[in-house]
Amino acid sequence: MRNFLLLLLTFDLIGLGHGNCSEKNSRTSDSEIVNVSEVLYSLDLNKASTSQLIINPQTLINQSDTNKKNDLSPLPLFVNVDEASLLSKPTYAALIALLDNYERKTGVSECYSGLEVQEQENFLKETMKNTELGRELFAFFYTKGYYRSWEEFLYDLKMMWFGLYSRSSGSLDSSGFEHIFAGEIKKGKVSGFHNWVRFYLLEKSGLLNYYSYSYDGPWTSYPDVLGMQFMWDGYYKQIGSALIGSSPELDVALYTLCYVTRPGKQCRLSLGGKQLTVQTYTWDKTTYGDGKKFIASAYPVTP
């Protein structure tokens, strides 16, 4: 943890243990969240370079036109992804291993096999414990008193992201990870789906048709942010915002940072000196542990 001692000197170690949400949120100022997001951004060593990832956004549309379901971009969004040098990295491989574990339609119960549970644990180990970025996030949470130990942190991540709850008919059919990273189909529409790797793999397989974009962030290198319209195997996504070219560990870290410190609110971050706003939502119908809430959604806000 390169900056762990610095964080210990910078932040007061207060309020160890779990209080209510208002107590937790008051521990961390907006400026502290901005500062740690810049640190996490600087530690994203597995992000895509502009030679590893080439995209072609093509047609820009107005926000008011996103409901028209017009395919205005004849070519794929992803021109080239250097899979050998990028997707073979441990954190990407761990993410990809999880993506075929889900029934995409809500109302269909999910049931994790022993292998799938191992894949969840491996994903958290690779993204959080085996990267300096993940260790830095824990160091920040530890100094602010959100978690007492690595074990507590990893257990809470597993429940927060992979714990099952019901979005339809009372069946345990959803989780934060499925909704955000894999995407779901609810009431005939795409719900969630905020991960560029998932988008690329489905587009490559012919199951996803990119239509247009309604927002392109100010970043000139990766990660960037794109607001996209697309059709997934016959189901439409009106606005599917995602970080583009970010590593899986950065996605998990930024969304977790915002969810733990600003649950259910807009969260102001900074990446390379440019502002990013992340919206998170809590799942309020069921809880785990001592009344803690599952993550319902998280995504970059697009104007």
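Note: hydrogens, waters and symmetry copies are ignored here, and every other heavy atom, side chains too, is used. Residue numbers run from 1 in the order of the sequence given.
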With a 4.5 Å cut-off on side-chain heavy atoms, are [Y] and [X] touching?
X	Y	answer
Glu121	Val117	yes
Gln275	Ser270	no
Gln120	Tyr112	yes
Ser241	Tyr215	no

Looking at Glu38 and Gly273, would you say the former's side chain and the latter's main chain have a donor-acceptor pair under 3.5 Å?
yes
Check whether any side-chain N or O of Asp65 sits under 3.5 Å from a backbone N or O of Ile61 as a donor-acceptor pair, and report yes or no.
no
Kindly give the heavy-atom pair with the smallest separation between [X] and [Y], and that separation in Å.
X	Y	answer
Glu203	Leu77	OE2-N, 2.8 Å
Pro303	Gln63	O-NE2, 2.5 Å
Val108	Asp173	O-CB, 3.2 Å

For residues Tyr236 and Phe230, establish whether the separation of their ring centroids is below 6.0 Å.
no
Using only heavy-atom distances, determine whether the side chains of [X] and [Y] contain a donor-acceptor pair under 3.5 Å.
X	Y	value
Ser174	Tyr102	no
Asn56	Tyr210	no
Thr277	Gln266	no
Arg198	Tyr200	no

Less than 6.0 angstrom from the centroid, inside 45 degrees of the normal: does [X] satisfy that with respect to the ring of [Y]?
X	Y	value
Arg27	Tyr146	yes
Arg135	Trp150	no
Lys129	Phe138	no

Out of curiosity, does Leu53 fall in the hydrophobic cluster containing Leu45 (side-chain heavy atoms, cut-off under 4.5 Å, transitive links)?
no
Relative to each other, are the rings of Trp161 and Tyr255 parallel, tilted or perpendicular (30° and 60° limits)?
tilted
In terms of relative ring orientation, are Phe181 and Phe123 parallel, tilted or perpendicular, with 30° and 60° separating the classes?
perpendicular
